[in-house]
Amino acid sequence: MPKTIKKLAVLTSGGDSPGMNAAIRSVVRASAYHNIECVGVYRGYEGLIEGDFKEMNARSVRGIINKGGTILKSARSKEFRTKEGRQKAFDNMVEANIDALVVIGGDGSFTGALIFNQEFDFPVMGIPGTIDNDIVGTTHTLGFDTALNTVVDAIDKIRDTASSHNRLFFVEVMGRDVGHIALNAGIAGGAEEILIPEENLGLERLVDSLNRSRKSGKTSSIVIVAEGDKIGKNIFQLKDYVDENMEGYDVRVSVLGHMQRGGSPSCFDRVLASRMGVKAVESLLEGKTNYMVGLLNSKMELTPLEKAIKGKTKINLELLRVSDIMST
Ligand code: F6P
């Protein structure tokens with residue numbers, strides 16, 4: 001028989017993403033709706049180890065659905081990777097009468113949640129929050145859509161100056177292991193080339209493509225580079241390569257960096273976060289544990305945490321083809 005849940009805790013962990021606050025709000029309000037108590041844990045697993053808890057009610061989460069970042073703050077905890085750290089966290093939860101934990105974060109955060117469950121048989125539920133969209137079991141992670149809009153807005157602005165000066169821009173976007181942001185934002189921003197970690201197109205293909213663009217009458221070019229792309233050592237090396245080997249290009253580099261993780265969540269992310277929070281709370285109340293909630297075929301579905309952690313998201317090959325055709 002699963003244990004009756006009367007009180008749950010929610011935390012945000014790993015890199016923040018827009019929509020985390022909307023998810024916290026949803027978990028807190030769904031708890032209030034079902035008459036169970038809810039505590040917020042500050043600074044992810046660090047706060048769990050230190051017992052940094054705050055009782056939350058429906059009114060504690062007013063005015064945050066539109067805010068970027070996370071009001072609970074986030075951290076990457078080294079201590080939670082140790083057995084002693086997790087024991088402290090468990091002791092604090094027992095002392096505070098907490099029966100279940102909702103973790104909003106990425107795969108590293110879910111790995112911690114799963115180990116914690118296996119050691120202490122403690123109910124856990126994951127909500128995928130990362131701009132990278134690199135988690136199996138959901139077509140969209142929280143923050144991905146907002147980050148895409150931020151990147152597209154930046155590309156549009158860079159295009160203004162690129163075309164005014166007939167320049168070639170290399171624009172680096174986030175995605176240390178995956179190219180979902182690069183591929184989608186690149187298509188939406190009309191990029192001439194998109195370089196992603198999943199596909200090593202090689203320098204020659206890049207050079208050919210840039211030359212073709214120029215011959216076809218284009219005066220400016222934008223190449224979107226995912227930070228995990230493997231062609232060059234880094235984006236500045238790509239610029240050096242073009243400077244040294246291709247005539248007549250005026251090249252600039254723009255690294256968008258952490259601005260991609262900030263900002264007010266899009267409508268899509270707010271709705272997604274609200275749905276995920278409700279699903280997470282209600283699944284725990286139904287006695288489910290060790291799952292991640294996700295969006296699959298427009299529905300809220302559960303995926304075992306183990307599968308979410310181990311799986312690798314695939315790049316959409318159709319998008320790759322579309323991007324090639326669009327840069328003709
Ligand atoms: O949120 C994921 C991510 O955006 C990655 O794409 C990036 O490599 C990483 O975060 C950088 O995060 P931090 O600076 O917090 O280590």
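Start at 1 and go down the list; that is how both ligands and their atoms are numbered.
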Open item on the list: Tell me whether K6 is salt-bridged to E37, with the criterion being a basic N under 4.0 Å from an acidic carboxylate O.
Closed with: no
Task: Closest protein heavy atom (residue, atom, distance) for atom 4 (O) of ligand 1 - done: M174 SD, 2.8 Å
Open item on the list: Test side-chain contact (heavy atoms from CB on, under 4.5 Å) on M125 and L101; report intermediate values, then the result.
Closed with: CA-CA 6 Å; M125 191 62 60; L101 175 66; over 6 Å; no
Open item on the list: As an exercise, identify every atom of ligand 1 less than 4.0 angstrom from a heavy atom of G175.
Closed with: 6 (O)
Task: N/O separation below 3.5 Å, D16 to ligand 1 - done: no
- [ ] State plainly whether the residues R205 and E193 are in salt-bridge range, i.e. N to O under 4.0 Å.
- [x] yes
Task: Any donor-acceptor N or O pair under 3.5 Å, side chains S266, D145 - done: yes
- [ ] Do me a favour and list the nearest non-hydrogen protein atom to atom 13 (P) of ligand 1 with residue, atom name and distance?
- [x] R76 NH1, 3.5 Å
TODO: Taking only Lys NZ, Arg NE, NH1 and NH2, and the carboxylate oxygens of Asp or Glu, determine whether E50 and R43 approach each other closer than 4.0 Å.
DONE: yes
Open item on the list: Just by distance, no angles: are the side chains of S109 and S13 close enough, under 3.5 Å, to form a donor-acceptor pair?
Closed with: yes
TODO: Provide, to 0.1 Å, the distance between atom 11 (C) of ligand 1 and the closest protein heavy atom, together with that atom's residue and name.
DONE: R261 NH1, 3.6 Å
- [ ] Enumerate the atoms of ligand 1 whose separation from the nearest heavy atom of H258 is less than 4.0 angstrom.
- [x] 12 (O), 13 (P), 14 (O)
Open item on the list: I need the nearest protein heavy-atom contact for atom 5 (C) of ligand 1: residue, atom name and distance, please.
Closed with: D132 OD2, 3.2 Å
TODO: For atom 8 (O) of ligand 1, find the nearest protein heavy atom and state the residue, atom name and distance (0.1 Å precision).
DONE: E227 OE2, 2.6 Å
Task: Interfacing atoms of ligand 1 (cut-off 4.0 Å, heavy-atom, R176) - done: 5 (C), 6 (O), 8 (O)
TODO: Identify whether the distance between the nearest side-chain nitrogen and carboxylate oxygen of K7 and D99 falls below 4.0 Å.
DONE: no
